[in-house]
Amino acid sequence: MNRNRAARSLLFFVLLAALILTGCQTSPPTVAAPPGPTPEPPPTATEPPTPTPPPPDPVVATVNLGAPPQTLDPNLVAVLDASGNDLAANLFAGLARLNSDTGRVEPLLAERWEQINETTWYVYLRTDMPWVQVDATSSEVNVIRPVSADDVIAAARRACHPSSGVPLGSYPAVFLIAGCEDIYHRDPATLTPEYVAQVLGVRVLNDTAVEFTLTGDSALFPTLLASLQISPVPADLLESDAGGWAAPETILTNGPFALQPGGSLEEGFTLVANPHWPLPRTGNVDVVNVSFSTSPEAFAAWQAGSLDLTVIPPDEIASIPFEDDPSYRQLALPAAEFIVANYDNAPINNVIVRRALALALDRQAIIDEVLEPAGVSAVPAGRVTPPGMALSPAPGDAAALYDVEAARALFAEAGYADCDFMPPFTLLTATGSGLSRQLAERYVQMWNETFGCAEGRIMLEQRPLIDVYAMLETLPDAYRIPRPGLVTLGWQADMLDAQHWQADIFGCREMFPQSYLDQGRACLVEEEELFAAQTMHDDEARATVYERMAEAFFGPQGEMPVIPVLTYTRPLAVNAWLELSPQTAGPLRFDEWVINADMQP
């Protein structure tokens, strides 16, 4: 027999015998148990506590914003400092925000504003957008204090002071504020805080309300509120350290992101989501690592997946298929290139000739052959106002901008079927920029090819920029000098509003005597509406005016006081896992970004 089986059998019988013996024993007598305390029931088994799950890993965006910003101080950021505008939009909450997609000004730190009379406005501040600062040791975002009306006053006084360094341009938006222009043109040595406080049209109503007094009734006041020039700054820090309050180690911010100490303009910054930000976030990004570079290495890092987004470096722009690949974007900058018409002499004083010259320009070819090889990004423009301005009109149909046959037909209609019969004219451009010369040469070449003009019929002249500006002025008869028929001009916005682009630059002299170009032309009937739009407080009505004006100026039957050529843009490369809002202009807004981690390499 198997030994294991025999052992199991023996054990079985031993256990069986023990059970039988136990059953045969006599039961002991039953004895009542003495009374006593009732025993406590055994403890009930409990489930072990569920451990708290660790917090999810932060969602991190890594980006290269191109050229480094000139400053972190929002009041000092120039309109074409793209990376500076990015940081300002994410670190600071201004009084209002210009939504570049809708062209509408939206409340931000200012909860609302109301017009009390023609020149007086009350602005009411939110109480839940405090100044915050990141602790260098714990990395916690700490509330320092609320933003107050004094911070608004400090920014406005700073913007109007001639020695503040705030970039204002030719038509400063802040000059809408009563007393601002007077202060700005005074000798800084004679300005006292008491004088500025007395003259400038801003004052505190209470901790969360400010009164603005304007020079007149203006529908552009909301656009002024969206300007970085008067974005509130900590008044106490500004007073104690005007030049250093915005250093990375000491800066206070109040936007959707806060700045981690330790970065620099050269090395980059880390931005962390502000947990005290009261508005809903449409994105999921918690941290943004920002670097600055215009080198090809940054583009290579984007191609390798190390960067979620990069500004495309100049050396790569000519090779980028912007129209064919959704990975590449061009955000419109508030800057445009156009050709100014001189109404003093023939043939440019003929509107049909101006329309013909406009149709003869192949704008995309100009971009492809002149700008992009020079590392400059742009898109064709049939209207002067760039996308992203307040109440900006639609950009128009780019495909209709270039039509050689239509241009020749118009030229013949004007009486110049043979270019030999056309009076010669000059195109003036500025010296000091090889790009300006190349653009002007390409314009002349296209006109010669389209209209069959011999070399020298359309002459090209270069002069110093200051002389070019002088040529744009209309001088008294006694001082009048011969002016060129056309002048090339680039313009960057002084105010991000369609009224600025249509009225301040080329509005007719009679209605807009301060217009920059001061053209001696008859005012259009439609310009009466443009004049009225200055005080038109209905945004939709004002937007309709600018759309009509764009058609009256640049449509098929348009006046063409200037010939639009292009809008400058900011070229971006965006990897597929980063979802941006479908913006066409304006600063990047990190709180709207969504990163799909599953798609990342």
Side-chain angles (χ1 to χ4, degrees), residues 70-78 88 91-96 109-110 113 116-117 119-127 129-131 133 144-216 218 221 224-247 250-254 494-495:
Q70 298 300 307
T71 178
L72 292 177
D73 188 326
N75 300 154
L76 304 184
V77 174
L91 292 174
F92 296 95
L95 293 170
L109 176 63
W113 47 86
I116 305 304
N117 54 49
T119 59
T120 305
W121 293 76
Y122 287 173
V123 176
Y124 303 95
L125 308 182
R126 298 176 67 114
T127 59
M129 288 184 179
W131 295 117
Q133 189 174 59
I144 304 302
R145 66 168 178 84
V147 178
S148 71
D150 286 332
D151 300 328
V152 179
I153 301 296
R157 291 177 179 174
R158 186 188 195 196
C160 298
H161 200 284
S163 62
S164 67
V166 175
L168 298 183
S170 302
Y171 292 86
V174 292
F175 282 6
L176 288 175
I177 304 172
C180 184
E181 187 172 7
D182 170 64
I183 293 168
Y184 184 78
H185 290 298
R186 285 187 175 270
D187 181 353
T190 67
L191 287 175
T192 64
E194 293 75 20
Y195 179 83
V196 173
Q198 179 182 359
V199 172
L200 188 62
V202 290
R203 70 182 184 94
V204 172
L205 295 175
N206 56 50
D207 285 347
T208 59
V210 179
E211 178 187 89
F212 282 83
T213 302
L214 306 186
T215 57
S218 178
F221 180 67
L224 170 64
L225 295 181
S227 167
L228 284 178
Q229 296 163 358
I230 62 167
S231 182
V233 291
D236 49 346
L237 293 185
L238 190 65
E239 183 176 356
S240 62
D241 188 7
W245 80 268
T250 56
I251 193 170
L252 300 186
T253 61
N254 69 325
D494 297 329
M495 191 172 192

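All values reported here derive from a predicted model rather than from experimental measurement.
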Approximate separation, where rounding is to 0.5 Å, of M129 CE and T253 OG1
12.5 Å
Would you give the length of the straight line joining atom CG of L125 to atom CG of L205, rounded to the nearest 0.5 angstrom?
10.0 Å
What is the minimum heavy-atom distance between A93 and L109, and which atoms define it?
O-CB, 3.8 Å
Heavy-atom side-chain proximity of T119 to T215 below 4.5 angstrom
no
Specify the closest pair of heavy atoms between I230 and A159, including all atoms of both residues, with the distance to one decimal.
CG2-CB, 4.3 Å
4.5 Å side-chain heavy-atom contact, V152 and V123
no
Residue of the set P232, S164, S231 for which side chain to side chain contact (heavy atoms under 4.5 Å, CB included) holds with N75
S231
Nearest 0.5 Å, please: how far is CG in L91 from CG in L72?
7.0 Å
Quick check: closest heavy atoms across L228 and P74, and the distance to 0.1 Å?
CB-O, 3.4 Å
Donor-acceptor check, side chain of T250 to backbone of G244, threshold 3.5 angstrom: yes or no?
yes
According to the salt bridge (Lys or Arg N to Asp or Glu O under 4.0 Å) rule, which pairs have a member within residues 156-180, sequence neighbours left out?
D73-R158
For the pair Q229 and L168, evaluate side-chain contact (heavy atoms from CB on, under 4.5 Å) and give the outcome as yes or no after the intermediate values.
CA-CA 8 Å; Q229 296 163 358; L168 298 183; 3.8 Å; yes
About how many Å separate OG of S218 and CG of L224, when rounded to the nearest 0.5 Å?
8.5 Å
Using the rule given for side-chain contact (heavy atoms from CB on, under 4.5 Å), can you reason through W121 versus I116, listing the C-alpha separation, both sets of side-chain angles and the distance that settles it, and then say yes or no?
CA-CA 5 Å; W121 293 76; I116 305 304; over 6 Å; no
Between L95 and L225, the two heavy atoms sitting closest are CB-O, 3.5 Å
Side-chain donor-acceptor pairs under 3.5 Å in residues 173-185, sequence neighbours left out?
from: D182; atom 1: OD1; to: R186; atom 2: NE; distance (Å): 3.4
from: D182; atom 1: OD2; to: R186; atom 2: NE; distance (Å): 3.3
from: D182; atom 1: OD2; to: Y195; atom 2: OH; distance (Å): 2.8

Side-chain contact test, heavy atoms from C-beta onward, threshold under 4.5 Å: evaluate it for M495 versus S227 and give yes or no.
no
Give a yes or no answer on whether the side chain of D151 reaches the backbone of A235 with a donor-acceptor pair at less than 3.5 Å.
yes
For the CD atom of E211 and the CD1 atom of I153, what is their distance to the nearest 0.5 Å?
9.5 Å
Who are the ring pair (Phe, Tyr, Trp, His ring centres under 6.0 Å) partners of F212, not counting sequence neighbours?
F221
Side-chain contact, heavy-atom cut-off 4.5 Å: V147 with W131?
yes
Is the closest side-chain heavy-atom distance between W245 and I251 below 4.5 Å?
yes
